[in-house]
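See below for the structure under consideration.
No experiment lies behind these values; they were computed from the predicted model shown. The residues of the chain are indexed from 1 along the displayed sequence.
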Amino acid sequence: MKNKTYNKKKIMVVFLCAAAILAALIGRLVYLMIFDAEYYQELAQDLHEREREIKAARGEIVDRNGVVLATNRTVCTISVIHSQIEDAEEVIDVLCRELEMEEETVRKRVEKVSSMEKIKTNVDKQTGDKIRNYGLAGVKVDEDFKRYYPYDELASRVLGFTGGDNQGIIGLEVKYEEYLKGTNGTILTVTDARGIELEGVAEDRIEPVAGDTLQVSLDYNIQSYCEQAALKVMEEKQAEAVSILLMNPQNGEIYAMVNVPEFNLNEPYELNTGVDGDSLTDEELQDALNQMWRNRCINDTYEPGSIFKIITSSACLEEGVVSLEDTFFCPGYRIVEDRRIRCHKVGGHGQETFVQGIQNSCNPVFMDIGLRLGSDRFYDYFEQFGLLSLTNIDLPGEAGTIMHKKEDIGTVELATMTFGQSFQVTPIQMAVTVSSIINGGRRITPHLGTAVIGGNGEVVEEFEYGEEKGIVSEETSETMRMLLESVVSEGSGKNGYIEGYSIGGKTATSQTLPRSANKYISSFLAFAPAEDPQVIGMVIIHDPQGVYYGGTIAAPVLRSIYDNVLPYLGIEKN
């Protein structure tokens with residue numbers, strides 16, 4: 001009797017357990033079919049849908065006159081879908097032959113079991129069409145876009161270039177990425193359980209939206225002419241590099257920004273030095289490329305030399321520590337503390353007025369007025385003129401000024417700073433600061449981007465840039481324009497003179513560090529017309545061989561540029 005009851009209990013326990021498990025399974029099934037149905041429907045749909053991206057056309061970059069500087073070319077992406085391939089050997093043979101690829105590489109990708117495997121990107125359209133015409137099962141040819149620069153090397157460090165994913169890497173391409181990139185589209189196809197596309201089921205397409213066009217202040221003709229002038233002087237002087245900058249000093253629009261030797265934007269990973277990249281380690285190659293891509297006008301600093309005397313003169317005139325009638329004596333040097341700091345004219349200039357001191361670019365005159373101003377006030381004006389801030393140009397990687405701390409500026413440091421040594425600035429910083437001195441005292445923002453234009457040609461956005469007033473007084477600005485005009489017409493900048501034009505400017509010759517290397521930077525800054533500046537330009541020649549004085553080799557370059565550019569800009573001779 002006991003065994004019978006015990007067996008009944010065991011049967012009941014087993015039954016209850018089975019019932020509980022069955023109830024749990026039914027509950028789970030109900031939950032999956034009703035409450036979690038949407039999630040699993042999406043999973044099932046994903047298993048039967050294959051998505052391919054359609055890249056958007058990147059927006060063009062055009063100059064101030066509408067000349068296209070950066071555009072797109074149609075290219076193809078060749079891919080294979082493993083489950084749809086019917087004759088793998090034929091596919092491998094065709095792709096190897098048409099794409100000129102190694103069989104081992106192609107075979108590895110064709111035989112890889114994946115939903116879709118890319119064989120090659122950026123294939124020219126003619127080759128892509130040829131592969132498509134073979135009608136090979138499992139081979140997909142999707143059209144794509146590749147960035148194309150019609151003028152190869154023109155303004156290479158300004159425009160910048162894009163990577164394999166069509167995203168900006170340097171220059172304007174990366175700065176204005178959000179306007180240029182557009183929105184990618186997709187192609188959606190339906191497959192069976194084996195991954196084969198179902199016939200008769202229409203593709204679902206989301207069309208891409210092209211990027212907007214960026215209009216910039218660069219002028220193709222001015223940029224081209226400046227590059228030719230830079231290459232000519234670089235070859236003649238066997239210089240390391242030449243930079244040229246042309247800008248409107250009234251609003252900050254940049255007409256040209258040259259850094260020769262430029263590099264080919266359509267082949268941005270090929271060195272422009274003639275060195276074979278294959279002979280370098282990966283690290284050496286990357287360092288060489290980074291150096292090649294640098295924009296010397298904004299990424300690198302240098303000792304400005306005598307061009308900085310414009311700033312020293314303005315500060316001293318503004319402070320009232322010097323007048324045009326003041327006289328000085330130059331024996332060819334000044335003794336400052338224990339230092340003998342010489343003038344560029346070893347025999348000295350003798351007796352001279354302040355005006356003649358500027359015309360002669362006499363170092364002792366500027367040391368004298370700088371010491372009158374004092375280190376504290378000198379530093380204050382350095383700050384007031386904006387030299388300790390960035391110009392905020394719309395290009396990435398702008399370098400800041402390298403300057404002494406205020407408390408570290410002694411008499412010797414002050415003396416050398418007055419004529420542009422013992423600190424470093426960028427060329428764009430010098431151009432902007434001098435612009436603020438000659439335009440009535442307004443510190444403008446240098447820029448390239450002017451407007452964004454939509455697909456229908458309508459202006460989507462016009463860029464506005466700030467300015468700061470009161471850098472110097474109108475009186476000081478007018479005086480400086482007059483003084484700098486006399487430097488070109490009567491003084492050290494006479495090689496920049498053009499008959500019929502009033503041009504103001506300043507020459508400079510500075511020595512790079514270390515001084516023992518005996519390398520120099522020759523430069524010339526000039527603006528025209530002197531009474532109402534509409535264009536300001538700088539020529540900087542790095543490490544010229546032979547004669548290296550800025551007034552001798554840099555001034556004639558800017559003169560030749562202005563001789564063509566001033567009439568082009570509608571600035572007539574007097």
Side-chain angles (χ1 to χ4, degrees), residues 226 241-250 252 254-259 295-315 358 361 366 378 381-393 395 398-403 416-439 441-447 468 471-472 477 480-481 483-484 487-488 492-493 496 504-512 520-528 533 535-542 550-551 554-555 557-558:
C226 288
V242 177
S243 298
I244 297 178
L245 178 65
L246 254 64
M247 184 176 75
N248 186 329
Q250 302 295 337
I254 294 172
Y255 299 132
M257 184 179 283
V258 174
N259 295 274
N295 185 334
R296 286 179 181 267
C297 290
I298 66 166
N299 299 144
D300 293 345
T301 58
Y302 78 116
E303 286 188 342
S306 293
I307 287 176
F308 194 80
K309 291 172 182 175
I310 299 173
I311 284 85
T312 302
S313 301
S314 303
I358 293 179
S361 195
F366 287 90
F378 187 91
Y381 275 104
F382 207 94
E383 193 169 25
Q384 178 180 318
F385 289 162
L387 287 159
L388 296 180
S389 307
L390 297 178
T391 67
N392 293 319
I393 186 173
L395 284 173
E398 181 184 2
T401 298
I402 300 173
M403 173 63 169
T416 56
M417 287 171 64
T418 60
F419 54 86
Q421 288 188 8
S422 78
F423 67 93
Q424 294 190 359
V425 296
T426 59
I428 190 67
Q429 180 69 265
M430 282 304 301
V432 170
T433 305
V434 174
S435 293
S436 68
I437 290 170
I438 63 172
N439 69 10
R442 296 177 294 107
R443 184 174 171 87
I444 41 87
T445 302
H447 60 274
E468 185 181 347
I471 302 302
V472 293
S477 180
M480 288 306 303
R481 292 197 296 271
L483 290 172
L484 294 171
V487 170
V488 175
S492 60
K506 188 73 190 72
T507 62
T509 307
S510 57
Q511 196 171 10
T512 61
Y520 295 86
I521 296 176
S522 308
S523 58
F524 180 58
L525 178 148
F527 54 91
V535 60
I536 186 170
M538 283 187 76
V539 172
I540 303 172
I541 305 173
H542 298 267
V557 177
L558 195 52

Start with the C-alpha distance between V432 and R443, add both sets of side-chain angles, then the distance that settles side-chain contact (heavy atoms from CB on, under 4.5 Å), and finish with yes or no. CA-CA 7 Å; V432 170; R443 184 174 171 87; 3.7 Å; yes
If you apply the rule side-chain contact (heavy atoms from CB on, under 4.5 Å), what do you find for I358 with K309, and how did you get there? CA-CA 8 Å; I358 293 179; K309 291 172 182 175; over 6 Å; no
Any donor and acceptor pair, going by atom type alone, linking the side chain of [X] with main-chain N or O of [Y] inside 3.5 Å?
X    : Y    : result
Q429 : L390 : no
T312 : T418 : yes
E303 : G420 : no
T433 : M430 : no
K506 : V487 : no
S523 : V539 : no
T509 : G550 : yes
T401 : L387 : yes

Residues in ring pair (Phe, Tyr, Trp, His ring centres under 6.0 Å) contact with H447, at least two apart in sequence or another chain: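 By the ring pair (Phe, Tyr, Trp, His ring centres under 6.0 Å) rule, H447 matches Y465.
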Test of understanding: with ring pair (Phe, Tyr, Trp, His ring centres under 6.0 Å), list the residues that count as partners of F308, not counting sequence neighbours. F382, F423
Determine the minimum heavy-atom distance between [X] and [Y], stating which atoms define it.
X    : Y    : answer
A508 : S306 : CB-N, 3.4 Å
I298 : T426 : O-CG2, 3.6 Å
T507 : S492 : OG1-OG, 3.4 Å
P249 : I444 : O-CG1, 3.8 Å
L558 : G537 : CD2-O, 3.6 Å
L525 : A431 : CD1-CA, 4.5 Å

Can you spot which of L245, N392, I393, N248 makes a side chain to side chain contact (heavy atoms under 4.5 Å, CB included) with P446? I393
Partners passing salt bridge (Lys or Arg N to Asp or Glu O under 4.0 Å) against R481 (at least two apart in sequence or in another chain):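 R481 satisfies salt bridge (Lys or Arg N to Asp or Glu O under 4.0 Å) with no other residue.
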Restricting to salt bridge (Lys or Arg N to Asp or Glu O under 4.0 Å), what partner residues turn up for E398, sequence neighbours left out? none
Might you work through the side-chain contact (heavy atoms from CB on, under 4.5 Å) test for I540 and R296, ending with a clear yes or no? CA-CA 10 Å; I540 303 172; R296 286 179 181 267; over 6 Å; no
Report yes if some heavy atom in the side chain of [X] is under 4.5 Å from a heavy atom in the side chain of [Y]; otherwise report no.
X    : Y    : answer
V434 : M538 : no
I428 : L395 : no
F366 : S313 : yes

Which distance, rounded to the nearest 0.5 Å, do you find between the [atom1] of [X] and the [atom2] of [Y]?
X    : Y    : atom1 : atom2 : result
I471 : I437 : CD1   : CD1   : 9.0 Å
N439 : F527 : CG    : CZ    : 10.5 Å
I536 : S435 : CD1   : OG    : 4.0 Å
S477 : I438 : OG    : CD1   : 7.5 Å

With sequence neighbours excluded, tell me which residues meet side-chain contact (heavy atoms from CB on, under 4.5 Å) with T416.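 Scan of T416 (side-chain contact (heavy atoms from CB on, under 4.5 Å), adjacent residues dropped) gives I341, F419, Q421, S422.
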Set of residues satisfying side-chain contact (heavy atoms from CB on, under 4.5 Å) with respect to V488, sequence neighbours excluded: Y497, I503, F524
Stepwise, does the side-chain contact (heavy atoms from CB on, under 4.5 Å) test hold for Y520 with Q511? CA-CA 4 Å; Y520 295 86; Q511 196 171 10; 3.7 Å; yes
